[in-house]
Amino acid sequence: MSEDTIDRTAPPVRDWPALDLAGTDFDPVLTELMREGPVTRISLPNGEGWAWLVTRHDDVRMVTNDPRFGREAVMDRQVTRLAPHFIPARGAVGFLDPPDHTRLRRSVAAAFTARGVERVRSRSRGMLDELVDAMLRAGPPADLTEAVLSPFPIAVICELMGVPAADRHSMHTWTQLILSSSHGAEVSERAKREMNDYFADLIDLRSDSTGEDVASLLGAAVAREEVTLTEAVGLAVLLQIGGEAVTNNSGQMFYLLLTRPELAEHLRSEPEIRPRAIDELLRWIPHRNAVGLSRIALEDVELRGVRIRAGDAVYVSYLAANRDPEVFPDPDTIDFSRTPNPHVSFGFGPHYCPGGMLARLESELLVGTLLDRVPGLKLAVPPEDVPFKKGALIRGPEALPVTW
């Protein structure tokens with residue numbers, strides 16, 4: 001970006017190394033950026049140049065819902081970013097703007113409605129009970145991540161996607177490689193290509209299907225020429241990857257409940273508050289490192305007295321928005337009675353996470369089942385000895401050693 005396009009009153013560019021953080025610690029750099037002002041500038045470890053960062057709740061909702069900020073233009077730029085590689089491919093839903101984005105989302109909407117999610121509830125509960133049964137049979141100690149928190153979301157998203165049980169392991173391996181920044185771009189890109197090829201075959205096979213799973217819905221939409229196969233595959237990959245984020249979120253959730261036993265006890269003694277409590281935990285947990293996907297300003301926009309010029313890259317921080325004291329009084333405190341709770345953990349605007357309802361369902365099932373069925377559940381090691389993922393875009397424990 002040439003020097004003459006920079007507003008002389010713009011804040012300095014802050015280097016954000018996005019270091020690996022342990023436990024549920026909030027990123028200290030993000031804390032400083034929030035303090036510096038509602039609109040700051042950042043440089044991340046990969047890509048080129050700098051980008052604006054928006055951190056206030058109202059501004060985050062405005063930027064994510066305003067057509068003057070687009071995703072498609074990002075594909076033509078080497079925007080500064082955390083990952084060494086671009087996760088979505090060109091034409092994928094994550095980098096589309098309306099009306100194409102709306103058309104593509106519509107093709108799978110039925111799977112993610114309340115009815116669509118309810119369709120997998122009883123099967124999900126059954127799969128979870130089987131995993132907990134196996135863990136209890138094996139006896140303590142156990143790695144809760146390996147025994148339950150990892151296989152459960154994989155099984156649920158594969159069920160919703162229409163991926164056969166035999167292919168779950170491959171899906172998990174590809175997802176881990178795509179979501180890691182520590183293996184380098186080449187390994188991640190190869191995993192993405194392999195997952196792309198898999199879904200291209202699966203969607204093609206389902207072109208005549210009347211099933212309610214995502215692959216069948218996409219196969220039918222491609223057959224009706226409402227979406228292209230490339231678009232369908234890009235969407236399937238993004239949904240599959242997103243489905244595994246529950247492993248990391250629930251890993252942080254249980255780390256929190258096991259290191260603050262008074263919270264777990266509160267949920268055991270008052271089961272009726274669990275849905276509201278899950279929302280508060282989703283608001284509070286710092287589920288990712290740094291920021292996700294950027295947008296490009298398509299025209300000059302004035303925001304909080306700062307001039308964002310056409311062509312500038314813009315990031316929003318949902319984590320920061322969820323700690324905005326103007327919207328969430330005493331934001332660093334976990335308050336199960338917090339209402340209303342307009343958190344943006346699943347995003348906002350057209351790119352709002354379609355799997356939000358599914359993630360809530362899984363979190364409620366996990367918290368309810370584990371707290372009720374394993375009343376003595378506790379960490380088997382000191383909290384500081386729980387290993388957390390390194391070089392990951394989505395934060396979470398590598399393992400969660402527990403006993404009961």
Spatial distance of atom [atom1] ([X]) from atom [atom2] ([Y]) [nearest 0.5 Å]:
{"X": "Leu358", "Y": "Ile157", "atom1": "CG", "atom2": "CD1", "answer": "5.5 Å"}
{"X": "Tyr255", "Y": "Arg260", "atom1": "OH", "atom2": "CZ", "answer": "9.5 Å"}
{"X": "Ile42", "Y": "Leu82", "atom1": "CD1", "atom2": "CG", "answer": "9.5 Å"}
{"X": "Leu282", "Y": "Gln252", "atom1": "CG", "atom2": "CD", "answer": "11.0 Å"}
{"X": "Gln176", "Y": "Ile394", "atom1": "CD", "atom2": "CD1", "answer": "10.5 Å"}
{"X": "Ser363", "Y": "Asp279", "atom1": "OG", "atom2": "CG", "answer": "9.5 Å"}

Does atom CD of Glu384 have more than 12 heavy-atom neighbours, drawn from other residues, nucleotides or ligands, at distances under 6.0 Å? yes
>> Quick check on Asp208: does its CG atom have over 12 non-hydrogen neighbours (other residues, nucleotides or ligands) under 6.0 Å away?
In response: no
Sorted by chain and residue number, the side chain to side chain donor-acceptor pair (under 3.5 Å) partners of Asp100 (sequence neighbours excluded) come out as Arg103
For the pair [X] (side chain) and [Y] (backbone), establish whether a donor and an acceptor sit closer than 3.5 Å, ignoring hydrogens and angles.
{"X": "Asp324", "Y": "Ala321", "result": "no"}
{"X": "Arg77", "Y": "Ile296", "result": "no"}
{"X": "Thr80", "Y": "Leu44", "result": "yes"}
{"X": "Glu364", "Y": "Pro275", "result": "no"}
{"X": "His351", "Y": "Leu96", "result": "yes"}
{"X": "Arg288", "Y": "Val291", "result": "yes"}
{"X": "Thr31", "Y": "Asp27", "result": "yes"}
{"X": "Ser207", "Y": "Asp204", "result": "yes"}
{"X": "Ser317", "Y": "Ala320", "result": "yes"}
{"X": "Thr175", "Y": "Met171", "result": "yes"}

Please determine, by modelled atom types, if [X] and [Y] share a side-chain donor-acceptor pair under 3.5 angstrom.
{"X": "Ser216", "Y": "Asp213", "value": "yes"}
{"X": "Ser345", "Y": "Asn322", "value": "yes"}
{"X": "Glu326", "Y": "His57", "value": "no"}
{"X": "Asn248", "Y": "His287", "value": "no"}
{"X": "Asp335", "Y": "Ser337", "value": "yes"}
{"X": "Asp332", "Y": "Trp284", "value": "no"}
{"X": "His266", "Y": "Glu262", "value": "no"}

Determine whether the aromatic ring centres of residues Tyr318 and Phe346 are separated by less than 6.0 angstrom. no
With a cut-off of under 6.0 Å to the ring centre and 45° to the axis, is Arg276 in cation-pi contact with Phe336?
no
Would a 4.5 Å heavy-atom cut-off, applied to side chains only, mark [X] and [Y] as touching?
{"X": "Leu361", "Y": "Met357", "value": "no"}
{"X": "Ser107", "Y": "Leu217", "value": "no"}
{"X": "Asp133", "Y": "Arg373", "value": "yes"}
{"X": "Asp15", "Y": "Val29", "value": "no"}
{"X": "Val316", "Y": "Phe348", "value": "no"}
{"X": "Thr259", "Y": "Thr24", "value": "no"}
{"X": "Val74", "Y": "Leu293", "value": "no"}
{"X": "Leu366", "Y": "Phe254", "value": "yes"}

So which atom in [X] and which in [Y] form the shortest heavy-atom distance, rounded to 0.1 Å?
{"X": "Trp404", "Y": "Pro140", "result": "CZ2-N, 3.4 Å"}
{"X": "Pro153", "Y": "Ser150", "result": "CD-O, 3.4 Å"}
{"X": "Val214", "Y": "Ala111", "result": "CG2-CB, 3.8 Å"}
{"X": "Leu160", "Y": "Val120", "result": "CD1-CG1, 3.9 Å"}
{"X": "Asn289", "Y": "Ala392", "result": "ND2-O, 2.7 Å"}
{"X": "Leu258", "Y": "Leu377", "result": "CD2-O, 3.6 Å"}

May I ask you to say whether [X] pairs ionically with [Y], meaning some side-chain N is under 4.0 Å from a carboxylate O?
{"X": "Asp20", "Y": "Lys389", "result": "no"}
{"X": "Glu212", "Y": "Arg115", "result": "yes"}
{"X": "Arg68", "Y": "Asp66", "result": "yes"}
{"X": "Arg14", "Y": "Glu32", "result": "yes"}
{"X": "Glu280", "Y": "Arg338", "result": "yes"}

Q | Worked check of salt bridge (Lys or Arg N to Asp or Glu O under 4.0 Å) between Asp300 and Arg307 | A | CA-CA 7 Å; Asp300 287 8; Arg307 189 173 177 197; 2.9 Å; yes
Let's go through Met253 and Ile285 carefully: what are the C-alpha distance in whole Å and the side-chain angles of both, what is the deciding distance for side chain to side chain contact (heavy atoms under 4.5 Å, CB included) to 0.1 Å, and is it a yes or a no?
CA-CA 7 Å; Met253 208 175 274; Ile285 285 167; 3.8 Å; yes
Fill in: Derivation of the side chain to side chain contact (heavy atoms under 4.5 Å, CB included) call for Val237 and Gln240
CA-CA 5 Å; Val237 167; Gln240 181 70 38; 5.8 Å; no
Could you walk me through whether Thr247 and Phe152 pass side chain to side chain contact (heavy atoms under 4.5 Å, CB included), step by step? CA-CA 8 Å; Thr247 295; Phe152 177 60; over 6 Å; no
- Message: Please determine whether side chain to side chain contact (heavy atoms under 4.5 Å, CB included) holds for the pair Asp129 and Arg125, giving the CA-CA distance in whole Å, both sets of side-chain angles, and the decisive distance to 0.1 Å.
- Response: CA-CA 6 Å; Asp129 278 331; Arg125 182 176 273 126; 3.9 Å; yes
Parallel, tilted or perpendicular, judged at 30° and 60°: which one describes the rings of Trp50 and Trp52? perpendicular
